[in-house]
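For reference, the structure discussed in these notes is given below.
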Amino acid sequence: NYTVNLSSNSPICYGDTLRLQANFIANSQYQWTNSVGNVLGNQRNLNLFNPSTQNYILQWTSPLGCKQVDSLQAEVYAPPRIDSLIFQGDLCVNGNQGFEIWPTIAIGDNDQLSYTWVTPRRGNFFDSILIVQNADVDDAGQYTLEVQDQNGCISSIVGLNIQLYEIPSIPVISQSVSACEGEDII
């Protein structure tokens, strides 16, 4: 009397490998198919790359030729997708200006996301909107964002290169000059 037990590492994120597993029974044959009947493999344990959410079915044949069919449902979650980073603020700076960067997210529940911003000079930030205050030209560079959802799925890293320009200082005339009308000032 044989019993086949199925397991998997589901749920997973899209792009991860789905591992389908059945217990070992000597001299048995295994055949995995997907929910539309496509044969996926004849191994006891099967790794699937870029799988989808669906039923995976195992047909097991015992050493005596008896067949048993069992299935398991695998969940594959789509990771959040950052469509763009939006910059608002001053590009000309002298230490008194600031700017903000925020993402537009295409996939994912925005209330359940965690954010990791990496900045060229000020370290990491974890808010949905990156706010840089008292910016100067040393804050120029690549700003990147990675987002993780409540399922542990992580977006691709998206970056924005910010070029900042120094505001020229206003010249100060420190010497008084007197001249009469019509005279040249040197």
Side-chain angles (χ1 to χ4, degrees), residues 1-87 100-131 141-161:
N1 190 12
Y2 301 104
T3 302
V4 175
N5 298 309
L6 305 182
S7 63
S8 77
N9 62 331
S10 172
I12 63 169
C13 300
Y14 183 79
D16 292 344
T17 300
L18 177 65
R19 290 186 296 279
L20 303 174
Q21 301 164 331
N23 57 308
F24 176 75
I25 300 172
N27 301 315
S28 296
Q29 295 177 347
Y30 302 85
Q31 184 179 62
W32 288 97
T33 58
N34 62 14
S35 58
V36 294
N38 296 326
V39 175
L40 303 172
N42 295 315
Q43 307 91 307
R44 178 175 63 90
N45 297 327
L46 187 65
N47 291 330
L48 298 177
F49 305 99
N50 296 319
S52 60
T53 295
Q54 63 177 303
N55 244 358
Y56 292 92
I57 301 139
L58 176 69
Q59 178 177 300
W60 169 75
T61 306
S62 75
L64 301 174
C66 300
K67 295 185 187 292
Q68 178 182 342
V69 175
D70 200 357
S71 67
L72 57 82
Q73 177 73 18
E75 292 291 327
V76 180
Y77 299 120
R81 187 182 77 223
I82 304 168
D83 277 345
S84 64
L85 296 178
I86 299 169
F87 173 91
E100 297 179 356
I101 306 171
W102 65 88
T104 58
I105 308 288
I107 298 174
D109 180 355
N110 292 356
D111 293 335
Q112 299 292 319
L113 298 176
S114 60
Y115 299 81
T116 303
W117 292 94
V118 178
T119 69
R121 161 179 158 184
R122 298 183 185 227
N124 295 352
F125 292 86
F126 304 99
D127 294 324
S128 60
I129 298 174
L130 175 65
I131 299 172
Q142 184 77 6
Y143 288 77
T144 62
L145 174 64
E146 181 178 78
V147 176
Q148 182 173 345
D149 68 15
Q150 69 274 10
N151 298 312
C153 299
I154 300 173
S155 71
S156 296
I157 295 174
V158 174
L160 181 64
N161 192 38

Under 3.5 Å, side chain of Thr17 to main-chain N/O of Phe49, donor-acceptor pair present?
-> no
Contacts of Ser52 meeting side-chain contact (heavy atoms from CB on, under 4.5 Å) (sequence neighbours excluded), chain-then-number -> Gln54, Tyr56
Just jot down the side-chain contact (heavy atoms from CB on, under 4.5 Å) partners of Thr53, sequence neighbours excluded, or say none.
-> Gln73, Glu75, Val76
Disulfide (SG to SG under 2.5 Å) contacts touching residues 6-48 (sequence neighbours left out) = Cys13-Cys153
For the residue pair Ser28 and Trp60, confirm or rule out a side-chain donor-acceptor distance under 3.5 Å.
-> yes
Please check if atom CD in Gln29 has more than 12 non-hydrogen atoms from other residues, nucleotides or ligands closer than 6.0 Å.
-> no
Would you find more than 12 non-hydrogen atoms of other residues, nucleotides or ligands less than 6.0 Å from Phe87 atom CZ?
-> yes
Identify, with sequence neighbours excluded, every residue that meets salt bridge (charged side-chain N to carboxylate O under 4.0 Å, His left out) alongside Asp83.
-> Arg81
Residues Trp117 and Ser128: closest non-hydrogen pair is CZ2-O, 3.6 Å
What pairs of donor and acceptor atoms, side-chain ones from residues 40-48 against any protein atom, are under 3.5 angstrom apart with sequence neighbours left out?
unit_1 : atom_1 : unit_2 : atom_2 : d
Arg44  : NH1    : Ala22  : O      : 2.8
Asn45  : OD1    : Ala22  : N      : 3.3

Ser114: partners by side-chain contact (heavy atoms from CB on, under 4.5 Å), with sequence neighbours left out = Gln148
Please say whether more than 12 non-hydrogen atoms of neighbouring residues, nucleotides or ligands are located less than 6.0 Å from CG in Asn27.
-> no
Report yes if some heavy atom in the side chain of Leu72 is under 4.5 Å from a heavy atom in the side chain of Asn55; otherwise report no.
-> no
